[in-house]
Amino acid sequence: MRLEQLFSGPTSVTLWGPRGAVQIQHPAPGVLRVRHAPSASDSTFTHPRLPAKQSFAVVGHGGHALTARRNGDTVHVSADGVALALSMESGTWTFHDSEGRLLASSRSVAGEPTPDYPVVRYRSRLALHAPEDEAYLGFGEKVGPLDKRGLRFTFWNTDVMPHHPDTDPLYTSIPFFIGLRQGVAWGLFLDESWRSEVDVALTDPQTIHWESHGPELDCYLIAGPAPADVVKRYVALTGRPPLPPLWSLGAQQSRWGYENEADIRGVIQGYRERDLPLDCVYLDIDYQDGYKVFTFDRARFPDPKGLARDAAQMGVKLVPLVGPAVRAEPGYSVYEQAREKDYVVRFDRGEVLMGEVWPTTVVFPDFSREEVQRWWGSQLQSFSETGIAGIWNDMNEPACFTVRNDPDSFTVQGRRPNGSGRVEGPTLPYDARHGTRRHLEVHNVYALGMGKAVWEGLKQAAPDKRPFILTRAGFAGIQRYAAMWTGDNSSHWTQLESSIPMLLGLGLSGVAFTGVDIPGFVGRANGELLVRWMQAGMFYPLMRNHSAKGTPRKEPWRFGEPYLTLARETLRRRYRLLPALYSLMQEATETGLPVMRPLSMHAPAEGDALRAYDQFLFGPDLLVAPIVRPGHSRRLAYLPAGKWLSFPNLDRPGQVHDGGGYVIAEGPLDTVPVWLRAGGAVPFTQPALHTTDANWKALTWHIHAAAQVTGRLYEDEGEGHGDFRLTRLSGGLDGDTFRLERRAEGTLPLAREGEVIRIHGLAAAKSVTGARSHRAVDGALELEVGAGWDRIEVRL
Ligand code: GLC
């Protein structure tokens with residue numbers, strides 16, 4: 001794409017050629033936005049600026065200063081932390097960081113409109129150089145190993161049931177990846193909601209090809225150098241996640257097929273009778289009256305308020321499913337309002353689009369419009385009065401089983417290529433109208449708009465609470481509103497294993513609050529699978545048991561002993577871990593870093609860390625390598641360089657391993673292999689049957705002594721917007737002295753008398769100051785300190 005004219009302003013540089021344009025901006029330190037418009041000359045665009053473009057994903061889009069200098073064919077753009085050199089001849093560029101390191105380069109950019117009446121479709125193509133030793137991580141909700149080199153993906157939110165290891169696309173599209181080469185990371189976010197496809201060095205091992213059906217390729221190039229730097233910058237662009245209520249981190253139970261109130265009460269009772277921790281039960285579509293959103297079937301759920309009240313008394317919250325499709329039933333108020341206000345999606349020629357989902361004939365609210373979002377949110381006012389605690393957004397790709405075509409309506413259906421794998425789930429036609437836009441453009445952000453609608457609605461309905469939303473579909477930025485689960489998986493061991501790289505990829509793509517259906521949605525599970533899946537799932541930020549209608553029941557007690565006892569122990573461990581999990585969720589609100597992290601985030605230069613896709617870090621300090629195969633009682637685990645204390649089940653410290661290699665971890669059925677990083681400090685509490693608040697009454701720090709120790713604990717009431725306390729530990733070993741300091745900020749009063757600090761790696765002490773008492777336990781030194789302690793010193 002040849003460029004001929006250069007327009008340079010203080011915050012943007014635009015280059016025009018006979019067949020297209022490129023615009024460069026500097027939205028944030030370390031980030032350049034390169035907007036490629038390869039078919040600009042064929043459209044209505046006018047010089048010297050490209051028209052403003054609405055982003056659904058990017059928030060707080062500041063225009064920082066940049067400078068441009070032309071030197072022959074090359075335009076050099078420099079900005080805070082990054083630089084770009086762009087060729088006028090080809091429109092291609094090289095992207096550097098402030099240290100002059102070459103991070104990425106493009107090979108070609110091209111595009112043209114394809115007249116495809118009545119929608120103009122585009123083919124906009126960008127090719128990037130893919131050095132053979134570079135790995136590619138992220139891409140949102142995708143299957144496959146961590147490094148996605150050699151794969152190909154489509155970004156088109158799709159309802160697939162059930163999904164398999166080769167299924168693509170899935171429900172959520174996040175066109176973002178991290179390149180990682182020789183320990184240096186950079187990122188690319190393609191801010192295009194249009195359908196797009198990426199070939200990650202599959203067809204040509206040296207090239208990434210990205211093709212969008214929109215007129216532009218709006219790229220954010222993000223510098224590292226660490227993978228965590230790229231994630232932080234990407235999340236700053238697309239929005240940091242809010243802190244969820246504490247109860248949503250507790251155990252959750254769901255099933256498609258809890259038919260009535262008695263079923264729901266029975267499930268809660270089932271948990272309590274067996275001393276199983278539980279915080280939340282979902283109401284699947286079965287609660288609805290004729291599958292009408294915002295209604296209860298009064299025959300089967302005669303007293304939703306009473307049900308919510310009784311559940312609350314047992315420490316359990318209720319979260320009902322709400323899909324976007326509105327039953328087209330005259331007299332049904334949601335439908336009548338939607339029609340009257342013209343809030344629905346239409347066919348190209350103007351008729352209201354009727355589709356079919358659970359409630360048979362339906363209309364679809366147009367969530368691309370803010371007034372529609374506000375209207376949908378306002379429905380939550382009276383719905384929330386039933387006492388429900390959150391909303392589960394499902395079928396929001398949107399799924400549409402069939403389009404009830406008006407015989408006079410010409411529509412452009414999606415196309416399905418031949419070959420294996422369904423590329424597109426049934427949804428709305430490409431040319432369906434969302435206000436002035438076409439479905440092809442806004443399909444991928446449908447769930448984002450619905451998420452925003454529910455988020456704002458819940459905040460208005462209960463301003464003193466923090467909204468909880470679970471979503472199936474999403475786009476870049478969905479983390480601002482919702483937690484995400486990965487949809488309809490199956491009770492198969494491969495799906496337990498693949499849940500790990502899937503959630504890691506989502507976490508790298510900004511979605512920190514995630515989980516998958518335990519122990520698989522469709523199919524039959526056995527007790528071993530349940531227990532193994534719970535052992536991995538106790539580290540998922542969202543831990544939910546869910547299953548499909550027609551499958552055998554999958555609550556933890558359905559498998560007999562020893563599985564029930566093992567399930568109980570696993571849930572109790574989850575609740576012990578809540579101070580650490582809650583603190584990590586709070587950290588995500590500040591940095592965007594996920595709770596579940598690939599080993600490469602800690603050790604970006606270690607090739608084996610990249611290949612360890614069935615292991616993960618839980619925050620900075622715990623490494624988890626769950627058993628994910630049937631019949632196995634040990635496994636190979638890679639430990640990055642450094643020292644790692646074997647800490648199976650978070651309670652039985654073993655030996656210290658030297659990292660930088662593999663170990664064989666013992667994992668009999670009652671054990672999940674875990675390690676504690678040298679220098680790590682992780683806060684635990686006592687198990688409980690449900691959460692109450694996050695101002696912990698009992699607190700134990702587990703510390704693995706090293707030269708540098710850091711720890712972090714965030715506490716508040718677990719709900720609402722009240723006081724908080726953020727505690728930081730710092731210190732470490734210096735010769736024969738171990739020191740630790742505690743600093744706290746915030747005004748939340750302490751709810752405990754004292755704390756326990758267990759320091760692994762310190763056996764006997766000559767003297768201890770700052771603690772009430774000390775003793776040796778399991779080869780570690782355990783101190784008891786007053787709650788407001790500020791400094792301890794151990795002489796060895
Ligand atoms: C979809 C959801 C699933 C739900 C079912 C019935 O398949 O993914 O979780 O149970 O619909 O509502």
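First listed ligand is number 1; within each ligand, the first listed atom is number 1.
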| Does Lys148 make a cation-pi contact with Phe139 (under 6.0 Å, within 45 degrees of the axis)? | no

| said: For Phe155, does the six-membered ring have the charged nitrogen or CZ of Lys142 within the cation-pi criterion, i.e. under 6.0 angstrom from the centroid and within 45° of the normal? | reply: yes

| Donor-acceptor pair between Trp485 and Tyr171 side chains, under 3.5 angstrom | no

| message | What protein heavy atom lies closest to atom 8 (O) of ligand 1? Include the residue and the distance to one decimal. | response | Asp488 OD1, 2.6 Å

| query | Under 4.0 angstrom from ligand 1, any heavy atom of Tyr282? | reply | no

| Subset of ligand 1 atoms that lie under 4.0 Å from at least one heavy atom of Leu321 | 12 (O)

| message | Within the 4.0 Å heavy-atom shell around Arg472, which atoms of ligand 1 are there? | response | 1 (C), 2 (C), 7 (O), 8 (O)

| query | Which of parallel (below 30°), tilted (30 to 60°) and perpendicular (above 60°) describes Trp375 and Tyr343? | reply | tilted

| request: List every atom of ligand 1 that sits less than 4.0 Å from any heavy atom of His546, numbering the atoms from 1 in the order shown and giving each element. | output: 3 (C), 4 (C), 9 (O), 10 (O)

| For ligand 1, does Trp392 get within less than 4.0 Å through its side chain, its backbone, both, or neither, judged by non-hydrogen atoms? | side chain

| task | State plainly whether the residues Glu555 and Arg558 are in salt-bridge range, i.e. N to O under 4.0 Å. | result | yes

| field | Straight-line distance of Arg300 CZ to Asp289 CG, nearest 0.5 Å | value | 8.5 Å

| request: Please report which non-hydrogen protein atom sits nearest to atom 1 (C) of ligand 1, along with the residue it belongs to and the distance in Å to one decimal place. | output: Asp394 OD2, 3.2 Å

| At a 4.0 Å threshold, what atoms of ligand 1 neighbour a non-hydrogen atom of Trp485? | 8 (O), 9 (O)

| query | Can an N or O of Asp284 be found at a distance shorter than 3.5 Å from an N or O of ligand 1? | reply | yes

| query | Should Phe296 and Phe383 be marked as a ring pair (Phe, Tyr, Trp, His ring centres under 6.0 Å) after you check the CA-CA gap, both sets of side-chain angles, and the distance that decides it? | reply | CA-CA 10 Å; Phe296 277 89; Phe383 196 52; 5.8 Å; yes

